Amino acid sequence: MAGDDRNEELSTVADKTPSASSTAPLYVLRVVGGPGTGKTLVLDWNKAPQALVGQSQVCELAIPDPRVSRRHLSLTAEGNVVRLVDLQSTNGTRIGGARVVEALLEGGEAIELGDSVLRVARAGEIRMDALERDRFGRVLGKSQAMQRLFAACEALANSTLPVILEGETGTGKELLAEAMHETGPRAAAPFVVFDCAAHEEGAALEALFGGPRGPGALEQARGGTLVIDEIGELGLQAQSRLATILDRGELRREGEIDAIRANVRFIATTRDDLDRLVEEKKFREELLFRFAGARIQVPPLRQRHGDVELIARHFWKLFGGAGEIPKRLVLQLGRHPWPGNVQELEHAVSRATVLGDETEIASTRAPDRDKPADYLDHVLTMGLAMPSARQRVIREFERRFVERAVREHGGNVTRAAAASGLTRRYFHMLLAKNKA
């Protein structure tokens, strides 16, 4: 009886949301025990494809429980149920007393984390704003997860909010950033990608903010969009300056006093757990707060039901496969877990167009490229500091990658860029840089 009363109470909270035609169940999450008791979160997948629960204020449901991790668990839609994923929390997540890593919730479950208890309830229904399309820019997907992602990205494309795209390697975060730029009002303005992993701390400051040798990436992107790729790799000093620019909207070059208006749309990407980096003092909390209003989780391919075949057909045609993609190959692809996500699928289909569909998909990874061991050994013998050594290796890798990509596509730069997993402009920039 007590459980029925609790569900009725949660339904009352849900009834405060705007009414709409029903196509999917509506879930409500409430803290029913421990610190934060009474806090409630309505899981509206039209507004965001993922909800985070944790101690951090950047979470959709922030719980002031010291035994709860900053980013403790995530909740996403999985058909008509909710998928819960523990985000490697310190003290774990329990349902019915059993510790779980992942679980599917149907409503009525009690979730224990730290000294807190949450209850999820199915409370009415919600209209889902399906886009009924199979792509957003160059990002393909017809799964529910991607339809929700496309809706969120399309809405954010027309705003000025800084956006952070989080997800595993190979999920297409840069391509989503490009699509948001090309869909928004700044489409005709510059689109600049700044690769944080390619710059050591000192060089990153001038490369990003400009200096005596000229404008940096921020000035180059004025009026347009700046993508800060792998922002978790950015040094702490650069993070602090970036947070100030996001706060004030003004930019100063290294060593200069006068400020200029930034006028840039910021999109960041990361494969890192930024909340964990904040805990480890490797990422500034004030910078994470600047992006907290628009954190988008890009789902891995294994959670995008039905998208493997759609994407495989696209790559089959792109790489010049004869006729329709073989059904046997489609079945093989559908059974693979794709830890490398869309990038791994791309390489598998590329290989199949050359070797045929008899090859075992489980063994396909990125095709062999020129092994950089010779150059790596050379750099290791130079006795450089790690940031300088890494920079040299990255530059050599970029040079070999773009050269091989263009060569594999018969000199067709457009097709090479499309197959690379990089945005067109970034691929052209790498190509031009390595020809200079």
Side-chain angles (χ1 to χ4, degrees), residues 45 49-50 76-79 128-157 163 165-184 187 191 227 267 269 271 296-321 323-327 329-353 357 361 364 366 405 409 414-427:
W45 307 124
Q50 175 183 251
T76 54
E78 183 82 10
M128 296 306 299
D129 297 330
L131 299 180
E132 297 183 353
R133 65 187 188 194
D134 63 2
R135 67 190 64 218
F136 179 60
R138 290 197 288 150
V139 183
L140 303 179
K142 293 193 73 172
S143 61
Q144 287 187 9
M146 293 306 285
Q147 292 296 300
R148 294 181 182 114
L149 179 71
F150 291 167
C153 288
E154 189 167 54
L156 286 169
V163 176
L165 301 171
E166 302 175 274
E168 297 176 7
T169 298
T171 49
K173 299 183 290 294
E174 265 193 38
L175 294 182
L176 270 175
E178 180 186 61
M180 292 176 68
H181 170 78
E182 293 181 347
T183 304
F191 177 81
V227 177
I267 301 178
T269 73
R271 62 176 177 268
I296 298 294
Q297 189 74 25
V298 184
L301 189 54
R302 61 184 174 275
Q303 293 179 9
R304 296 169 51 180
H305 303 300
D307 283 351
V308 169
E309 181 176 352
L310 171 70
I311 298 170
R313 291 184 184 278
H314 166 76
F315 285 136
W316 182 264
K317 291 180 180 178
L318 179 67
F319 296 130
E324 291 295 319
I325 187 171
K327 291 182 179 179
L329 178 59
V330 171
L331 290 173
Q332 276 191 299
L333 297 171
R335 290 193 293 264
H336 192 64
W338 302 114
N341 294 295
V342 178
Q343 281 186 356
E344 185 186 353
L345 175 59
E346 173 191 340
H347 296 314
V349 176
S350 173
R351 179 173 175 174
T353 59
D357 65 317
I361 296 301
T364 58
H409 291 85
T414 300
R415 288 185 62 181
S420 70
L422 303 173
T423 62
R424 286 187 294 267
R425 299 186 196 197
Y426 189 46
F427 187 89

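Remember, predicted model here, so these are calculated numbers, not experimental data. Below, each value reflects all heavy atoms present in this structure, side chains not excepted, and no hydrogens, waters or symmetry copies.
From Phe319, atom CZ reaches atom NE2 of His347 across 8.0 Å, with rounding to the nearest 0.5 Å. Between the CD atom of Gln50 and the OG1 atom of Thr76 there is a distance of 6.5 Å, given to the nearest 0.5 Å. The structure places CZ of Arg148 at 14.5 Å from CD of Gln297, a figure rounded to the nearest 0.5 Å. Between the CD atom of Glu309 and the CG atom of Leu345 there is a distance of 11.0 Å, given to the nearest 0.5 Å.
A pairwise comparison of heavy atoms in Gly334 and Val308 identifies N-CG1, 4.3 Å as the closest pair. Contact between Pro299 and Met146 at its shortest, heavy atoms only, is CG-SD, 3.7 Å. In this structure, Met180 and Ala157 approach most closely via the heavy-atom pair O-CB, 3.5 Å. Of all non-hydrogen atoms in Ala348 and Leu333, the two that sit nearest each other are CB-CD2, 4.4 Å. Taking each heavy atom of Thr171 and Pro300 in turn, the nearest pair found is CG2-CA, 4.0 Å. Considering all non-hydrogen atoms of both residues, Val139 and Gly172 come closest at CG2-O, 4.4 Å.
Between Pro337 and Arg302, the closest side-chain pair of non-hydrogen atoms is not below 4.5 Å. The shortest side-chain heavy-atom distance between Thr353 and Phe315 does not fall under the 4.5 Å cut-off. Looking at heavy atoms from C-beta onward, Arg313 lies in side-chain contact with Glu324 at the 4.5 angstrom threshold.
Of the possible polar contacts, one joining the Gln147 side chain to the Arg133 backbone as a donor-acceptor pair under 3.5 Å is found. Remark: side-chain polar atoms of Trp316 are not paired, donor with acceptor, to backbone N or O of Pro326 under 3.5 angstrom. In terms of modelled atom types and a separation under 3.5 Å, the side chain of Lys173 and the main chain of Glu168 share a donor-acceptor contact.
Relative orientation of the Trp338 and His336 rings is perpendicular, given thresholds of 30° and 60° on the angle between their planes.
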Quiz prompt | Test log, rule side chain to side chain contact (heavy atoms under 4.5 Å, CB included), inputs His305 and Gln144 | solution = CA-CA 8 Å; His305 303 300; Gln144 287 187 9; over 6 Å; no
Practice problem: For side chain to side chain contact (heavy atoms under 4.5 Å, CB included), just list the numbers for His314 and Val349, CA-CA rounded to whole Å, side-chain angles, deciding distance to a tenth of an Å, and then say yes or no. | Solution: CA-CA 10 Å; His314 166 76; Val349 176; over 6 Å; no
Quiz item: For Arg304 and Val342, what are the C-alpha separation, side-chain angles and deciding distance, and is it a side chain to side chain contact (heavy atoms under 4.5 Å, CB included)?
Solution: CA-CA 11 Å; Arg304 296 169 51 180; Val342 178; 3.7 Å; yes
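Using modelled atom types, one finds a donor on one side chain and an acceptor on the other under 3.5 Å when comparing Asp307 with Ser143.
Looking at Thr183, Leu175, Leu149 one by one, the single match for side chain to side chain contact (heavy atoms under 4.5 Å, CB included) with Phe136 turns out to be Thr183. Leu176 pairs in a side chain to side chain contact (heavy atoms under 4.5 Å, CB included) with only one of the listed residues (Val163, Ile296, Leu165), which is Leu165.
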